[in-house]
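Counting starts at 1 for both ligands and their atoms, in listed order.
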Amino acid sequence: MTMPPVKYQRGDMVMGRWPGSSLYYEVKVLAFDSKSQLYTVIYKDGTELELKEQDIKSTAGFQPRSRSRSRSPGRRRSRSRSPARTTRRSSSRTAAAVAAAAITDSAVSSRRDTRLKDVEVMLSPVQTKEAENNSNNRHEKKEEKQKEENNTANKVNETTEAEPEKNQGRYNLRRRKDDGDAKPAETRPEQLEEKEAKRVGALASTLSTPLDFGGKIGAYFWLLFLPAWVFFLVLQVNREDPSLTNFPPPLPPLEAFWDAQALGFVILWILFQALLYVTPVGKLSEGMPLRSGERLKYRTNGFFAIVVSAITVAAAVHQGVDLTYIHSHFLQLATASLLISILLSVYLYIRSRYAAPEQLALGGNSGNVVYDFFKGHELNPRIKNFDLKFFCEMRPGLIGWCLINFAMALAEMKQHGLDAPSNSMILVNLFQLLYVVDGLWNEEAILTTMDLMHDGFGFMLAFGDLVWVPFTYTMQAYYLVSHPNPLSLPALAAIVILKLVGFYIFRKSNSEKNAFRRNPADPRLSHLKTIPTATGKSLLVSGWWGVVRHPNYLGDLLMALAWSLPCGFSHLLPWYYMIYFIILLVHRDSRDMSDCRRKYGSAWDEYCRTVRYRIIPRVY
Ligand SMILES: NC(=O)C1=CN([C@@H]2O[C@H](COP(=O)(O)OP(=O)(O)OC[C@H]3O[C@@H](n4cnc5c(N)ncnc54)[C@H](OP(=O)(O)O)[C@@H]3O)[C@@H](O)[C@H]2O)C=CC1
Ligand SMILES: CC(C)CCC[C@@H](C)[C@H]1CC=C2C3=C(CC[C@@]21C)[C@@]1(C)CC[C@H](O)C(C)(C)[C@@H]1CC3
């Protein structure tokens with residue numbers, strides 16, 4: 001069978017119809033996918049979308065806009081204008097100016113909902129000649145405006161009365177009511193809107209996103225390196241002198257890695273957590289709207305799960321169960337967990353091949369088996385209502401982390417014949433317990449994080465949740481078992497203060513963003529300023545999110561520092577978490593920056609201009 005020739009080529013400037021409307025915008029063709037027969041196009045404000053050939057026309061069919069086309073935006077701005085044009089000029093500002101002007105005080109805006117719906121970043125629509133002729137007489141003023149604005153990126157519409165045509169031209173990727181923005185919905189009929197959202201969602205899932213983590217070669221590397229690193233840490237921390245000068249640690253015989261009983265315990269633990277997860281206790285929370293417009297429900301009973309787990313573990317210890325088994329069989333438990341995470345990732349990869357397009361994450365679809373296996377492709381893999389990603393991220397590994405820390409405290413007491421754990425061990429245990437309990441108490445907030453909203457579930461997260469978290473985040477406690485580090489009272493007090501400051505920033509900023517994403521009209525957030533974006537969602541630009549672009553990372557890093565300090569400075573190993581975490585968060589931040597740039601276009605640029613630092617004020 002011969003394929004029809006590709007009509008538009010990469011780099012062509014064409015007119016792309018906005019899905020669901022009759023309005024066209026100037027777009028540049030980025031790519032063509034012969035499989036889906038879709039063109040990836042980029043709009044003037046930097047947002048990408050995929051379009052069918054029938055939704056694309058050559059610029060020839062549209063009114064010639066010679067004046068603005070021949071000029072750069074900079075020149076357009078500096079061009080002298082007749083006084084008669086001054087009013088129109090203000091409505092054809094550049095994207096950046098638009099976003100700047102559109103920073104709204106949500107206190108005011110929530111009171112003026114109808115007005116707000118019109119204060120929005122928009123692309124200037126251009127109609128076909130035919131359509132334009134029809135509306136010429138009726139909308140003289142508007143047509144003139146369009147002529148003026150052709151080829152510019154965005155505009156702010158500040159009129160109070162909504163004109164249907166204007167609303168049609170809105171540049172929305174999702175239904176606004178699903179975004180939770182308390183602004184009126186589109187003027188289009190609801191049904192049409194939903195259908196359109198589904199279609200856009202399906203199209204978007206086929207979009208190829210840039211490859212992360214060093215691309216395909218990187219994926220091979222991480223697949224081998226990450227498990228090897230876990231084993232390296234586990235073997236190193238057990239040594240009397242776990243310094244880098246003793247690298248590499250002696251490799252034990254292969255049999256030492258394997259213990260069937262350890263595998264049995266890991267499976268039991270996961271099943272126990274799964275049982276608690278499905279127990280109909282606690283709230284059913286709604287996730288963020290998916291591209292299909294759907295909202296998934298999650299059983300957020302994490303706090304219940306950790307309380308029941310704690311009671312069960314306490315009862316088991318009371319019955320004489322020796323938890324120091326975890327310390328003595330750490331290597332074997334890690335191997336068993338690795339095996340489970342590999343099997344789970346294989347299952348996830350296979351099922352992602354059969355998933356419907358709208359169920360897939362953007363990314364993880366490179367076509368390279370290893371990369372896609374590593375990155376993960378399905379966004380929310382579920383077995384009936386059992387959400388695998390949510391469960392793995394929040395339960396076995398996270399609660400397992402606390403169980404392991406507790407076992408290390410018991411092992412320290414046993415090894416040194418103590419009646420109580422050391423101060424350092426108590427600090428590490430309490431700090432990390434607080435972190436986990438807080439995460440579970442505010443479990444709903446995880447539904448607005450990157451992992452849950454955007455990342456596919458594959459090896460990286462499965463391994464991260466089931467192996468990396470429980471077997472490397474416990475390094476400080478493990479280290480302290482055989483490397484005691486007595487703390488003076490002032491040092492102890494300083495570390496506690498650092499932890500509390502970090503925790504405060506972390507919790508407040510995460511809660512602020514979560515509350516805003518769930519209900520932008522929340523009266524508790526009415527004092528905050530926001531930037532509207534073309535998707536209908538807004539960005540916080542004051543409060544915590546106006547201090548730096550990732551205040552939550554700042555708080556998290558301060559806490560990480562407080563976790564390492566009790567271990568002292570004799571070895572680098574207990575500082576591993578701090579070093580890893582800096583790398584992880586800097587990388588996550590840049591990943592998020594480019595994702596948000598793609599999603600929000602010029603509004604994101606404006607946010608970055610307003611909030612200049614990423615994580616540490618005035619430093620980074
Ligand atoms: N201990 C650990 O190992 C780890 C802990 N963490 C912690 O988990 C938490 C979640 O982190 P993570 O998921 O990486 O990132 P965030 O919770 O910061 O989520 C980023 C998303 O927030 C939204 N957003 C960004 N800026 C704004 C703004 N100005 N206004 C409103 N929304 C905004 C965007 O999503 P959208 O606009 O689409 O809603 C963006 O994609 C953090 O506290 C982090 O420290 C993270 C990784 C590892
Ligand atoms: C293996 C890779 C190198 C890295 C894997 C990263 C994962 C371990 C982390 C990605 C995001 C995470 C979060 C938490 C734990 C670590 C992972 C899974 C989190 C659940 C910890 C508790 C917090 O309160 C939180 C905010 C809920 C965290 C969310 C992100």
Would you please indicate if the ring centroids of [X] and [Y] are separated by under 6.0 Å?
X	Y	value
F506	Y435	yes
F303	W441	yes
F406	W401	no
F231	F257	yes
F457	H377	no

Going by heavy atoms, is [X] under 4.0 Å from ligand 1?
X	result
M288	no
R549	no
D592	yes
Y577	yes

In chain order, what residues pass the side chain to side chain contact (heavy atoms under 4.5 Å, CB included) check against S309, with sequence neighbours excluded?
->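 Expected list: W269, F272, Q273, L276, I399.
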If you count the atoms of ligand 2 from 1 in the order shown, which ones are under 4.0 Å from a heavy atom of D451?
->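 Numbered from 1, ligand 2 contributes 10 (C), 11 (C).
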Which bit of R588 is near ligand 1, meaning a heavy atom under 4.0 Å away: side chain, backbone, both or neither?
->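 Side chain only; the backbone of R588 stays clear of ligand 1.
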For ligand 1, is any non-hydrogen atom under 4.0 Å from V611's backbone (N, CA, C, O), its side chain (CB onward), both, or neither?
->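 The answer is neither; V611 stays 4.0 Å or more away.
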Under 4.0 Å from a heavy atom of [X]: give me the atoms of ligand 1 that qualify, with their elements.
X	result
F581	1 (N), 2 (C), 3 (O), 4 (C), 5 (C), 48 (C)
K599	35 (O), 36 (P), 37 (O), 38 (O), 41 (O)
Y600	36 (P), 37 (O), 38 (O)
Y435	1 (N), 2 (C), 5 (C)
F506	43 (O)

Using the salt bridge (charged side-chain N to carboxylate O under 4.0 Å, His left out) rule, collect all pairs that involve residues 221-231, keeping only residues at least two apart or in two chains.
->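 Not a single pair qualifies under salt bridge (charged side-chain N to carboxylate O under 4.0 Å, His left out).
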Winner among [options] once heavy atoms are compared against [atom]:
atom	options	answer
atom 2 (C) of ligand 2	M394, M460, M559	M460
atom 21 (C) of ligand 2	W222, F506, F459, Y435	Y435
atom 9 (C) of ligand 2	W401, F581, W441, Y473	Y473

Quick one: look at D465 and ligand 2, take heavy-atom pairs under 4.0 Å, and tell me if it's side chain, backbone, both or neither.
->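 It is the side chain that touches ligand 2; the backbone stays farther off.
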Report the part of E443 (side chain from C-beta onward, or backbone N, CA, C, O) that has a heavy atom under 4.0 Å from ligand 2; answer both or neither where that applies.
->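 E443 to ligand 2: no contact under 4.0 Å from either part.
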Cationic tip of R382 within the cone over Y298's six-membered ring, i.e. under 6.0 Å and within 45° of the normal?
->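 Yes.
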Test item, [X] contacting ligand 2 (heavy atom, 4.0 angstrom):
X	result
D438	no
M450	no
V469	yes

Residue, atom name and distance, where the atom is the protein heavy atom closest to atom 6 (C) of ligand 2 =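 It is Y580 OH, 4.2 Å.
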Closest protein heavy atom (residue, atom, distance) for atom 30 (C) of ligand 2 =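 I find the closest protein heavy atom is E393 OE2, 3.3 Å.
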